[in-house]
Amino acid sequence: MTDIVAFKNVIKRYPGGKIALDGVSLHLERGEMAFLTGHSGAGKSTLMKLIGLIERPTRGQVVINGTNLAAVKRRQIPRYRQRLGLIFQNYNLLFDRTVFDNVALPLVIRGLGHADIARRVRAALDTVGLLSLERKFPITLSGGEQQRVGIARAVVDRPYLLLADEPTGNLDPALSADIMRLFMRLNEAGTSIMIATHAIDLVERMGHRRIRLDHGHLENG
Amino acid sequence: MARSSDKPTRSAAQNNRRRTLPSTLAAPAQGWLSSHARCLIESLGRLHRRWLASLLTATVIGIALALPAGLYVLMSNLDTLSQSWHRAVQASLYLQDDLSVNQGQALAERLGERDEVDSSTYISAQAGLEQFRQSSGFGAALDALEDNPLPAVITIAPHSDMSRAEIGALLVSLEDEPGVARAELDQAWLERLYAILSVIERSAWVIGLLLSAAVLFIVGNTIRLDIENRREEIEVMKLLGASDAFIRRPFLYSGFWYGLIGAVLALVLLGLCFIALAEPLGALTRSYNGALAMHGLGFQGVLMLLGIGVALGWLGCVLTVNRRLAAIEPR
């Protein structure tokens with residue numbers, strides 16, 4: 001199976017009747033990078049949440065890296081999430097820990113040894129260009145730097161899929177372009193990436209595949 | 001980040017681990033241990049960062065633990081005391097009226113030679129009346145009586161190391177002696193003391209149970225607030241794939257520390273109480289000519305208090321944390 005993400009006729013209806021996704025089928029190939037666009041409320045976040053097993057589909061099938069998510073039991077969710085790299089609009093860093101400790105968190109969760117952790121954290125920080133800031137606390141960093149820390153944390157455990165939900169939503173255009181270039185570098189190194197974003201002009205300049213959602217339906221684009 | 005670079009680096013890491021630790025089992029076990037040890041220290045660090053709030057919680061736990069522990073010490077001291085009083089028990093043998101003074105004295109002497117008896121004293125009816133006249137102050141009233149209403153008495157002090165049951169058996173056999181009308185143990189006050197002691201003992205248990213429940217609630221509530229304050233952090237951890245056990249661990253260790261520090265504070269409080277009571281206790285001990293020694297919790301008692309503190313802290317946490325953590329899911 002070469003698809004890293006496969007949605008088959010996925011419907012998501014929230015309690016209260018709102019239909020967020022209405023029969024979505026899509027594929028993302030291994031090593032591919034795609035942008036997920038659409039107005040707010042189009043279902044971008046819901047799609048991301050289904051992949052992260054934060055929500056379950058009402059109907060239809062989601063297969064990630066060959067695993068049908070319907071078969072992942074609640075107890076197995078942590079282990080499943082460990083193989084994803086999640087990036088958030090508000091960075092979701094822990095402010096009582098240093099940059100190093102934030103990036104190390106996924107590895108600590110997996111129970112790796114000290115030496116292993118230090119080596120991998122430095123490699124990830126080097127990738128995002130923040131090696132010199134490892135002893136700083138996130139609160140002392142700029143928004144762009146904080147997001148780089150978030151990205152380093154997402155890639156430190158070599159996920160098979162990077163999911164970014166509005167990663168540049170809080171950043172100015174220049175910083176946003178920086179972050180997008182970082183994603184492209186990561187993709188060139190082989191990581192599959194799906195980015196939900198509002199920044200359509202930025203996306204058009206990047207020239208990658210675009211998946212457009214409109215009121216829970218997929219548009220061809 | 002390339003998938004191709006994944007495999008070589010990981011096996012390099014494994015080789016590395018194998019070099020430092022010969023046993024294949026040692027590596028995960030050591031990782032598990034060191035992660036627990038780190039968690040133990042980290043949770044102490046967290047308490048230290050909010051040291052005033054933590055200290056207040058621990059102090060409340062300390063007071064709650066000190067009260068039953070203090071009662072326990074009081075009780076075990078009273079128990080020793082009652083045993084020394086137990087030795088002062090006397091039996092009174094009321095003699096039949098037709099027994100002469102000589103016969104009575106001979107009987108007292110014979111009884112005094114028995115193994116179970118420490119000493120025996122004969123008090124004639126006349127001497128008894130004199131004693132009563134002096135001690136009661138009813139002199140004039142007694143003068144009005146034509147006859148001496150009191151019988152002759154032999155007081156018996158049983159051997160000091162006899163149990164209550166053995167003393168009871170002795171009493172029955174003394175009652176069977178010829179010339180003895182009735183044998184009585186003047187221990188009604190002792191029985192009352194034992195009754196009071198058992199009331200205190202039962203109260204100590206009840207108070208102990210109630211305060212243990214209080215400790216559970218205090219720890220539970222503190223941890224609940226702690227979890228609420230760390231809600232975002234917990235959500236992030238869950239998103240990164242942390243298991244419930246991983247997230248729960250630092251909170252359980254906080255419970256451990258609260259219990260341990262609370263128990264240590266309880267010991268300090270008990271120590272302060274002893275210092276405050278040292279003077280009157282010293283006077284009491286001296287009045288017993290040193291035959292009575294007050295004692296504290298003892299080494300075992302200290303270990304027990306620390307153990308109970310830790311167990312309550314841990315349990316209070318376990319009872320709260322699972323339910324609270326399950327309620328926090330990333331949205």
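Chain letters run A, B, ... following the sequence lines, proteins first and then strands; every chain starts at 1. Being a predicted model, the structure only gives us computed values, none of them experimental.
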How long is the straight-line distance from [atom2] of [Y] back to [atom1] of [X], given to the nearest 0.5 Å?
{"X": "L94(A)", "Y": "R230(B)", "atom1": "CG", "atom2": "CZ", "value": "9.0 Å"}
{"X": "S243(B)", "Y": "I109(A)", "atom1": "OG", "atom2": "CD1", "value": "8.5 Å"}
{"X": "L239(B)", "Y": "L105(A)", "atom1": "CG", "atom2": "CG", "value": "11.0 Å"}

### Query
Hey, are the side chains of D244(B) and R74(A) touching, using non-hydrogen atoms and a 4.5 Å cut-off?
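They are in side-chain contact.
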
Does a sphere of radius 6.0 Å around [atom1] in [X] hold more than 12 heavy atoms from other residues, nucleotides or ligands, not counting ones at 6.0 Å or beyond?
{"X": "R79(A)", "atom1": "CZ", "answer": "no"}
{"X": "R135(A)", "atom1": "CZ", "answer": "yes"}
{"X": "E232(B)", "atom1": "CD", "answer": "no"}
{"X": "F256(B)", "atom1": "CZ", "answer": "yes"}
{"X": "R13(A)", "atom1": "CZ", "answer": "no"}
{"X": "F217(B)", "atom1": "CZ", "answer": "no"}

### Task
Would you please name every residue forming a ring pair (Phe, Tyr, Trp, His ring centres under 6.0 Å) with H39(A), sequence neighbours left out?
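Ring pair (Phe, Tyr, Trp, His ring centres under 6.0 Å) list for H39(A), sorted by chain: H215(A).
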
### Query
Which answer fits F88(A), side chain, backbone, both or neither, if we ask what part of it has an atom under 4.5 Å from a heavy atom of chain B?
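Side chain only.
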
#### Entry: chain B contact via R153(A) - which portion, at a heavy-atom distance below 4.5 Å
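Contact with chain B: side chain only.
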
### Message
Does anything in residues 52-59 of chain A reach chain B? List residues with heavy atoms under 4.5 Å apart, or say none.
### Response
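Expected list: I54(A).
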
### Query
With sequence neighbours left out, what residues match R46(B) under salt bridge (charged side-chain N to carboxylate O under 4.0 Å, His left out)?
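For R46(B), the residues satisfying salt bridge (charged side-chain N to carboxylate O under 4.0 Å, His left out) (neighbours in sequence not counted) are E233(B).
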
### Query
Residues two or more places apart in sequence or in another chain: which of them pass salt bridge (charged side-chain N to carboxylate O under 4.0 Å, His left out) with E29(A)?
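Partners of E29(A) by the salt bridge (charged side-chain N to carboxylate O under 4.0 Å, His left out) criterion come out as none, since no residue qualifies.
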
### Message
So which residue, R81(A), R75(A), K49(A), ends up with the most heavy-atom pairs under 4.5 Å with chain B?
### Response
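Ranked by heavy-atom pairs under 4.5 Å with chain B, first place is R81(A).
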
### Query
Does the pair E42(B)/R97(A) count as a salt bridge with the N-to-O cut at 4.0 Å?
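Result for this pair is no, no salt bridge flagged.
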
